[in-house]
Amino acid sequence: MNGKQITKLGFERKAIGLALSAATIRERAGLERSAILSELRAVQADPAAYLAGGVYAELAVELNAQNTLNESRMGAALSPSPLPYGVWGADLIEPGASAQMDVAMRLPIARAGALMPDAHVGYGLPIGGVLATENAVIPYGVGVDIGCSMRLSVFPMRPDAVKVEEAQSLLLKHTRFGAGVAFEKRERDDHEVLHESTWQDQPLLRHLFDKAASQIGTSGSGNHFAEFGTLTLTSADLGLEAGEYLALLSHSGSRGFGAQVAGHFTGLAERLHPNLDPAARKLAWLPLDAEEGEAYWQAMNLAGRYALANHELIHARLARALGVRVLASVHNSHNLAWKQQINGREMIVHRKGATPAESGQLGLIPGSMADPGFVVRGRGHVEALSSASHGAGRQLGRKAAANKLVKKEVAAYLKERGVTLIGGGIDEAPQAYKRIEDVIARQSELVDVVAKFTPRVVRMDSGSEDI
DNA sequence: ATGTAC
């Protein structure tokens, strides 16, 4: 009897050695190999029956423990009913998003959750969904654009100190938008995140390094933007006097690098859970105490830092071009998972399109290309898992927006508000979004408004259909 | 959101 025959039966880790020792004892007792193999199969099929004693007891104990662990980690069955969770702005949330959140709250690893007023349907967890799990991380609980984030810089300038034409040319010169887009080699900036040793820790990260290095400092497509506008502070805050300032607001993520990390690990998670209820397939998780979960955690956090580095470079380039230093700045990630203590236990809090809002924590909640965004301060609401919305949230899906909205009306909306737009697809029209004022009003328990940002010159990806 | 495919 050898190890190869034992592993062929499906024994794993410590059980291989224990099965081998037991088999050796049975061989010495004069049993045929085929008889021993059938005994091993019987122990494997029902370890509980062999726990009491005998030559297979130790093996049975180990198999029993492995089964229990596998069930708790990989458990395929959903609870019949979802755990209760808080909803803010239920009147603004489509039924599909609530249905997705219900499925998430039936996962065996789910412990708590909340739904923000900008919620709408996404892959797996809805956008605007917050989910706390224990010892597990869900790649699609974070989303495709890992580390997608916001950054605001306030400049020591009057809002009108930079004319529209100048703002346009600055944005065109110093930002890059679109799927697959990178900076031209001679324009490429460097950042300390590219010098982290983390890139060498996983074959996947090594493989994606060149793409990440080529795309650093860029913005993506879809709802990503960089815009100049007016920051209005009605009272002193952020270390600034009350008043109006020129400011830059950006929305960007981890580009192709993060998307490939997300794709890789969600595939891995799905393969680890072949029997997961189909309703929850896109919510497949990775155990955090397993190699796969640890690897995702490391890659996810690197993508989070990389996304913030993109913003830093965008803001540094534009501040340098303006010849000013930044007076104040705020940033936050809104697609990420964090370790957070809940009821004295360490949980993994996934925020997929949700702003962290611990008590006193600053965050940015944008409206749309032509509607105001808000600097907010978290109130640390326990049932909301210290979270808030990440924006206004879609009212119309991309296709619905393209079918329903008329370019002329979108142009009129922009003109009325004095917004100049570079790029921007019809699917990103302000009319495709919920009213940001409503969304902010629904979360007064979650955040306090600190300041208002009114966009003036906006750059987005051209998309498939320009406005 | 990504960028052209287990």
Side-chain angles (χ1 to χ4, degrees), chain A residues 97 100 118-129 138-151 175-183 204-205 207-226 250-272 274 281-282 284 296 299-300 302-304 306-311 314 333-337 350-354 366 368-369 390-394 396-402 423-429 432-433 459-465:
Chain A
Q100 285 188 316
D118 60 339
H120 55 97
V121 171
Y123 282 121
L125 197 66
I127 316 298
I138 304 172
Y140 267 180
V142 170
V144 175
D145 190 6
I146 300 173
C148 187
S149 39
M150 300 296 306
R151 188 176 183 94
T175 68
R176 294 291 181 279
F177 280 81
V181 164
F183 258 109
L204 176 72
L205 300 179
H207 171 67
L208 293 173
F209 176 80
D210 286 347
K211 179 190 271 289
S214 75
Q215 294 191 316
I216 199 153
T218 64
S219 309
S221 58
N223 57 6
H224 288 177
F225 62 79
S250 59
H251 183 203
S252 184
S254 52
R255 311 294 283 94
F257 162 49
Q260 293 211 23
V261 169
H264 172 82
F265 283 100
T266 202
L268 195 59
E270 281 191 42
R271 288 193 294 279
L272 270 182
R281 190 179 303 138
K282 292 270 175 267
Y296 176 75
M300 177 200 78
L302 180 61
Y306 175 80
L308 293 177
N310 286 331
H311 287 276
I314 293 165
S333 307
H334 54 222
N335 282 10
L336 211 63
H350 304 72
R351 292 191 183 86
K352 188 189 193 183
S368 80
M369 56 166 69
H390 85 308
R394 282 195 165 277
L396 298 173
R398 294 188 181 282
K399 276 180 205 159
I426 189 96
D427 52 352
E428 285 300 327
Y433 284 86
R459 184 175 186 191
M460 302 185 82
D461 180 34
S462 309
S464 47
E465 218 182 328

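Letters go in sequence order (proteins before strands), and every chain restarts at 1. What you are looking at is a predicted structure, and each value in this text was computed from that prediction instead of being measured.
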Might you list the N or O atoms of the protein lying below 3.5 Å from N or O atoms in nucleotides 4-6 of chain B, with each pair's distance?
none

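Remark: P of B:dA1 and NE2 of A:H251 are 7 Å apart, rounded to the nearest angstrom. Between the P atom of B:dA1 and the NZ atom of A:K352 lies a distance of 11 Å, rounded to the nearest Å. Counting to the nearest Å, the P atom of B:dA1 and the CG atom of A:N223 are 4 Å from each other. If you measure from atom CD1 of A:I127 to atom P of B:dA1, you get 8 Å, rounded to the nearest angstrom. Distance CZ (A:F177) to C1' (B:dT2): 15 Å, rounded to an integer number of Å. To the nearest angstrom, P of B:dA1 lies 16 Å from CG of A:L336. Rounded to whole angstrom, the span from the CG atom of A:D461 across to the C1' atom of B:dT2 amounts to 11 Å. With rounding to whole Å, A:Q215 atom CD is found 8 Å from B:dT2 atom P.
Contacts classified as salt bridge (charged side-chain N to carboxylate O under 4.0 Å, His left out) and involving residues 252-268 of chain A (residues at least two apart or in different chains) are not found.
For the pair A:T218 and A:T175, the minimum side-chain heavy-atom distance is 4.5 Å or more.
The aromatic rings of A:H251 and A:H390 sit perpendicular to each other, their planes meeting at more than 60°, with 30° as the lower class boundary.
Residue A:S221 places no side-chain N or O under 4.0 Å from the OP1 or OP2 atom of B:dA1. Regarding contacts with the backbone of B:dT2, a side-chain N or O of A:R255 is found under 4.0 angstrom from either OP1 or OP2.
A cation-pi arrangement is absent between A:R459 and A:F225, since the terminal nitrogen or guanidinium carbon is not both under 6.0 Å from the aromatic centre and inside a 45° cone about the axis.
Shown here are the side chain to side chain donor-acceptor pair (under 3.5 Å) partners of A:S219, two or more places apart in sequence or in another chain: there are none.
Atom CG of A:L336 and atom CE of A:M300 lie 4.5 Å apart (nearest 0.5 Å). Expressed to the nearest 0.5 Å, how far CD1 of A:I216 lies from CG of A:N310 amounts to 5.5 Å.
Nucleic acid contact for A:G222: sugar-phosphate only, since backbone atoms but no base atoms lie under 4.0 Å from a heavy atom of the residue. No contact: A:R271 has no heavy atom under 4.0 Å from any strand. Base contact: A:Y123 has a heavy atom under 4.0 Å from a base atom.
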